[in-house]
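In what follows, every heavy atom counts, from backbone to side chain, and hydrogens, waters and symmetry copies are set aside. Below, read A as the first sequence line, B as the second, and so on, with proteins coming before strands; counting in each chain starts at 1.
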Amino acid sequence: MIASLLPSISPGTLLAGGVTATAASLWMLLPRGRSGRAERSSRWLGGLLGLAALAAFIALGRRLGSVGEDTIFLVVALVAVVSGAATVVSRSPVYAAIWFAMALAGVSGVLLVLGGQFLGVATIVVYAGAILVMFLFVLMLAQPAGLAPYDRVSNEPLLAAVAGAVLLGILSLSIGRLAADPASCCAVPATKAALLATDPGAGPNGPGTVDLLAADHVARLGGELFGRHLLAVEVAGVLLLVALVGSIAIVSRGAADDEATDSRRATP
Amino acid sequence: MNVVTPAPLVVDGLLVGAILFALGLVGLLARRNLIVMFLCAELMLQGISLSLVAWSRHHGDWGGHVLVIFVLTVAACEAAVALVFVLQAFARTGRLDSAAWQSLREANLPRIVDRELPATDAVPPRFPRLTPAGVAPATDEDALLEREQV
Amino acid sequence: MNFSDPSTLLVLVPLVPLAAAVLTVALGRVLGRRSWLPAVAGIGAAFVCAVMLLSGMAREVTGVGHDQPARPVEFVTTLWEWAGVDAAGMSGAAPQAFSIPVSLRLDPLTATLLVIITGVGLLVAIYSIGYMHGDPGEPRFFALVSAFVFSMSMLVAASNFLLVYVFWEAVGACSYLLIGFWFSKSAAAQAAKKAFLVNRVGDFGLAVATFLLWMTYGTLNFHDSVAADGTLVPGILGATRLADASAYAGGAVGTAICLLFLLAACGKSAQLPLHVWLPDAMEGPTPASSLIHAATMVTAGIYLVARTAPLFVACPGALTLVSIVGATTALVAALIGTVQNDLKRVLAYSTISQLGYMFASLGTGTLLGFTAAIFHLVTHAFFKALLFMGAGSVMHAMGGVIDMRRFGGLRRIMPVTAATFLAGALALAGVAPFAGFFSKDEILAALHSRGWADAHADHHEGLPADGHAAAAAVFRLVSSPTDAARISAGPRASTLDALDTPATFRLLFWMSLVTAALTAFYTFRAVFMTFTGPTRVPEEAGHHAHESPPSMTVPLAILAVLSAVSGWWLFSTHSLATFLAATPSFTAPAVAASATPAVFHWDLAIQGTLAAALGIVVAALGHLGRRSDGPQPERFLGPLATLFANRMYFDQVYAALIVKPLQVIALIAAFVDRHLVDGLVDLVARVPLGLGGVVRHLQSGIVQRYALAGVIGALLIVLAVVARAMG
């Protein structure tokens with residue numbers, strides 16, 4: 001019955017409904033400081049909504065491909081940009097960090113759309129999973145109670161904003177120009193073209209290009225990384241080691257200086 | 001001549017990267033909290049990464065992807081070292097304020113003082129704080145007694 | 001020894017002391033208390049070489065009688081070319097190739113002086129073993145003495161005016177270092193500075209004279225040399241030029257050169273306007289004073305004038321001025337010496353006075369005058385070294401006290417010193433048969449011969465006809481008014497030549513005779529005050545006032561013997577005069593023509609002896625055997641005593657006339673420097689400071705502003721690039 005009904009609903013509507021239902025379900029399921037009946041009914045409702053959302057996504061599954069790539073890109077790009085802006089303008093550094101996590105999610109979506117499957121995942125894992133958590137730890141170690149005065153004012157906000165806007169304008173102009181006149185930027189150099197002419201394999205973008213959207217994308221990326229860029233990988237490994245050693249060295253040297261500060265803070 | 005008109009997707013990706021980069025730049029220049037500054041710097045890196053991947057898509061080449069991986073690596077290194085610096089700076093001044101270091105200014109220049117800030121209208125949210133390592137946590141006996149369960 | 005090639009020995013004489021000096025400097029710490037070893041050995045070896053050179057040179061000269069015109073004997077060895085400039089590289093009307101060969105020469109004058117320098121140097125070095133014992137600066141002292149002997153040997157052996165100038169300066173530097181040996185003592189440092197600065201005045205004269213010589217003669221070599229293109233370049237004192245009677249410039253240029261030489265000689269030899277450094281030089285160690293006074297430093301001026309005799313003879317006025325300066329110095333220094341109470345200071349003024357004698361003798365321009373000056377230089381080296389070392393011995397025993405009023409009757413404590421000092425005093429006073437008597441007699445004879453030329457010429461009846469005629473001609477040439485008028489009217493004359501009259505030399509002769517009496521007076525005043533009368537010892541000496549060690553008394557004894565007999569020996573055999581006559585400089589026709597046979601001038605000897613006896617008697621009346629409160633003759637001088645005691649106010653006059661104006665100029669210069677020059681420099685500094693003051697406001701200490709500035713700059717660049725790309 002329902003199944004027969006579904007096809008008449010457009011995939012977009014379905015997706016929107018599913019997403020909304022998911023959100024509502026989660027909101028309802030989360031503890032919200034209530035008790036008694038209201039609490040129980042809210043849980044039930046949330047559970048039902050969750051089931052509905054699940055159904056909507058399952059139904060959507062086969063038709064999601066028809067949702068335009070552009071639409072998905074638009075959504076994730078919006079998420080990235082809005083969250084980025086929120087990161088910049090958040091008064092509280094903790095909120096800024098969380099908004100940054102949101103922006104990371106958006107960026108990772110854009111990466112996925114652009115064909116960077118591995119990078120999309122890696123961004124989430126490395127940034128959100130490691131770096132951002134480190135930021136939050138530091139914030140919790142160092143953040144004073146309440147909102148610090150320096151979080152409530154900015155340094156030359158007008159100049160900075162204008163500079164950023166001008167930069168964006170220049171970049172947009174440049175990007176627009178290269179879309180309008182690809183020969184000015186996107187011509188393959190003659191030497192490389194000659195080299196590529198002998199390449200038997202051909203990607204979707206012509207001879208010499210690789211198919212980034214191939215099924216074994218990650219395997220190919222790994223091959224590229226540990227093949228052509230092996231030396232760079234080794235250097236990056238050394239860089240990580242150096243950063244590790246350096247951080248520890250700085251911490252241990254600063255320990256002596258910190259003792260006075262620590263004792264001052266320990267005895268308020 | 002092998003000219004490929006950039007796909008609209010590539011152009012859009014470049015545009016998003018540019019927006020993120022500009023946003024991060026504004027934050028880096030304007031925000032005074034050292035950690036927020038770092039977040040903004042990371043935002044700029046994200047914009048760069050997006051652009052690289054977009055170009056990679058356009059050229060059908062692995063270079064952009066590989067470069068983004070190295071950007072990730074360097075960002076991790078940078079975060080490790082920089083956060084240690086931030087902690088050290090905080091240990092010295094007790095603040096995460098970049099203007100706390102304006103004693104490095106030229107001699108005889110006046111100190112830049114924040115203008116009088118209006119009182120905050122709302123109670124700022126409280127976030128969990130970690131006890132610095134090696135310092136005994138301040139224990140509130142009454143608060144312990146009031147806890148019903150642990 | 002094959003004397004045909006004495007170059008090895010000639011090089012060794014300066015080289016060994018130099019090696020000793022370097023060795024002492026290098027090994028001073030290792031040698032410790034034996035740091036005298038290299039100096040004594042080195043100067044001793046140099047002395048042996050010098051004696052061998054002298055004997056070889058003497059054999060070379062023998063066979064030429066005193067009556068015959070002397071044959072010039074010289075030997076020149078060129079070691080290497082020091083500096084050379086091609087004629088092509090020079091500008092001017094007639095460019096000449098300029099070259100400075102490092103060449104050493106050997107002739108009778110050089111050989112004589114080398115023996116004196118190394119001999120007295122050796123005795124001084126031996127004496128210093130005892131005198132300097134225990135001084136922390138011992139190695140430095142012996143290194144300096146060796147260097148001093150080296151410099152002086154090179155000065156008299158160099159065969160080039162530029163080399164002479166170089167070692168002239170080297171001698172000055174060594175004397176500076178020796179006078180200021182105890183540099184931590186303010187007086188010593190001041191005295192060293194004074195000696196150096198006063199000497200600079202003379203050095204300036206020598207430098208300018210060297211320039212003038214180059215411009216006038218086109219060479220600086222003494223000897224004839226062969227140019228690169230095979231032509232003979234006649235040296236200034238070479239055989240070619242000496243043979244030519246008119247080869248030397250007279251007139252303004254020649255006189256200027258000679259006067260500049262005289263200025264240089266006055267500086268080094270402490271003659272009248274520039275004598276003020278020598279009495280202060282007593283602040284150095286006594287052996288160093290002995291070395292400076294007797295053998296090295298002060299003889300440089302005598303050597304220079306004697307060496308350039310042909311140039312001086314061409315300028316009679318300048319030559320006469322040499323005599324005037326010398327005789328005046330002798331008198332003034334003797335007068336000052338009469339009232340000094342510092343034993344070493346008495347001797348210092350006596351040195352100035354005796355050097356004045358030598359200059360007076362040189363100024364006569366006769367062969368007798370030149371040889372007499374060198375003769376007196378030799379005997380003076382002996383007895384003045386003896387007297388200084390004796391004074392040093394007294395000072396050593398008296399615990400550093402040198403004021404004669406504070407001790408007396410020392411002959412009982414220090415018999416050897418007293419006896420040798422007495423020998424030196426007799427020689428200095430000119431008592432026969434001690435050395436000073438003969439040399440002073442020669443000098444008086446030289447002056448007398450110019451003052452009473454006719455009488456003097458008649459004095460030598462036994463002369464060969466030509467010699468007699470030549471001598472008489474020379475004397476008459478300068479004595480007859482018409483000839484003098486002709487000379488002064490000629491192009492080769494200068495107005496100064498008007499000084500050259502017999503009357504001048506008569507005056508100088510009487511001044512010298514008075515000086516002789518004064519010399520005897522102050523010398524014996526010092527002897528009587530120091531060695532006779534009741535024995536008194538200052539408390540600084542403690543209870544162990546004693547005779548000095550053998551290392552000090554042995555040189556005294558050697559010098560005493562030399563002071564006693566050298567004059568008689570050298571005079572009676574005429575060996576020195578004959579020997580020196582073969583010096584190329586003295587074989588110039590004008591000099592050689594004035595040769596006179598060696599005669600003992602009984603009249604002059606009697607006059608000199610009477611003068612000396614008068615001085616000794618007056619000194620004995622005042623000081624012999626008595627306390628210093630006796631009827632001292634100098635007390636009757638009245639205000640003159642104050643004048644002499646204050647050294648005729650030379651220092652004060654110099655302070656008022658030269659030092660004070662210079663200080664005022666220095667103050668003005670300092671003011672200009674501080675306020676004008678520094679002000680300009682400060683102005684230059686203020687411009688960037690002001691600009692920086694504008695820009696420094698950008699350095700606010702807020703890093704984000706820097707970043708903002710960077711971003712804005714980058715944006716401007718990007719905008720420019722984009723604007724160009726957009727067309």
Side-chain angles (χ1 to χ4, degrees), chain A residues 77 81 84-85 87-88 93-94 96 100 107 110-111 114-116 119 126 131 138-142 146-147 149-155 157 160-161 164 167-168 171 175 179 182-183 186-188 193 203 205-206 209-210 221 224-225 229 236 239-240 243 246-247 250-251 254 258 261-262 266, chain B residues 1-6 9 11-16 18-20 22-23 25-27 29-33 35-36 39-40 43 46 50 53-54 57 60 62 65-66 68-70 72-73 76-77 79-81 83-84 86-88 90-91 96-97 99 114 117 120 124 127-130 132 135:
Chain A
V81 170
T87 306
V88 171
V94 179
F100 180 63
V107 167
V110 176
L111 286 174
L114 283 174
L119 290 179
V126 174
I131 299 179
V138 171
L139 272 175
M140 289 172 182
L141 275 173
L147 210 50
Y150 49 84
D151 280 329
R152 296 178 57 209
V153 290
S154 290
N155 175 56
L167 178 71
L168 185 56
L171 289 175
I175 293 165
C186 309
V188 179
N205 290 341
T209 59
V210 293
L221 182 58
E224 180 79 4
L225 200 57
H229 302 285
L239 183 68
L240 279 168
S247 309
I250 295 165
V251 168
D258 289 347
T261 321
D262 284 346
Chain B
M1 188 60 100
N2 188 3
V3 176
V4 181
T5 306
L9 195 61
V11 175
D12 292 348
L14 288 173
L15 210 56
V16 174
I19 293 170
L20 286 181
L23 280 174
L25 182 72
V26 172
L29 294 180
R31 296 303 304 265
R32 280 175 43 186
N33 191 311
I35 289 181
V36 177
L39 288 175
C40 294
L43 201 58
Q46 293 303 316
L50 272 186
V53 172
R57 167 79 178 251
W62 288 111
H65 288 251
V66 172
V68 171
I69 289 173
F70 290 125
L72 282 179
T73 316
C77 295
V81 177
L83 285 176
V84 172
V86 168
L87 271 182
Q88 294 287 335
F90 178 73
L96 285 174
D97 188 1
D114 294 332
L117 290 172
T120 42
F127 298 105
R129 298 188 65 216
L130 294 185
V135 178

Can Phe100(A) and Val36(B) be said to form a side-chain contact (heavy atoms from CB on, under 4.5 Å), step by step?
CA-CA 10 Å; Phe100(A) 180 63; Val36(B) 177; over 6 Å; no
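Contact count versus chain A (heavy atoms, under 4.5 Å) is highest, among Asp12(B), Leu39(B), Leu72(B), Val68(B), for Leu39(B). Chain A forms the most heavy-atom pairs under 4.5 Å with one residue out of Ile35(B), Thr73(B), Val16(B), and that residue is Ile35(B). Each of Gly164(A), Ala236(A), Ala160(A), Gly115(A) has some count of heavy-atom pairs under 4.5 Å with chain B, and the biggest count is that of Ala160(A).
With rounding to the nearest 0.5 Å, the separation of CZ in Arg31(B) from OG in Ser154(A) is 6.0 Å. Taken to the nearest 0.5 Å, the CG atom of Leu119(A) stands 6.5 Å off from the CG atom of Leu221(A). With values rounded to the nearest 0.5 angstrom, Phe90(B) atom CZ is found 10.5 Å from Leu139(A) atom CG. Put simply, CG on Leu168(A) and CG on Leu15(B) are 7.0 Å apart, with the number rounded to the nearest 0.5 Å.
Residue contact with chain A, scored on non-hydrogen atoms closer than 4.5 Å, involves the backbone and the side chain of Leu50(B) alike. Heavy-atom distances place both the backbone and the side chain of Leu239(A) under 4.5 Å from chain B. Residue Leu114(A) touches chain B through both its backbone and its side chain, counting heavy-atom pairs closer than 4.5 Å. With a threshold of 4.5 angstrom between heavy atoms, Leu20(B) approaches chain A through side-chain atoms but not through N, CA, C or O.
In this structure Ala243(A) satisfies the side-chain contact (heavy atoms from CB on, under 4.5 Å) test together with Cys77(B), Val81(B), sequence neighbours excluded.
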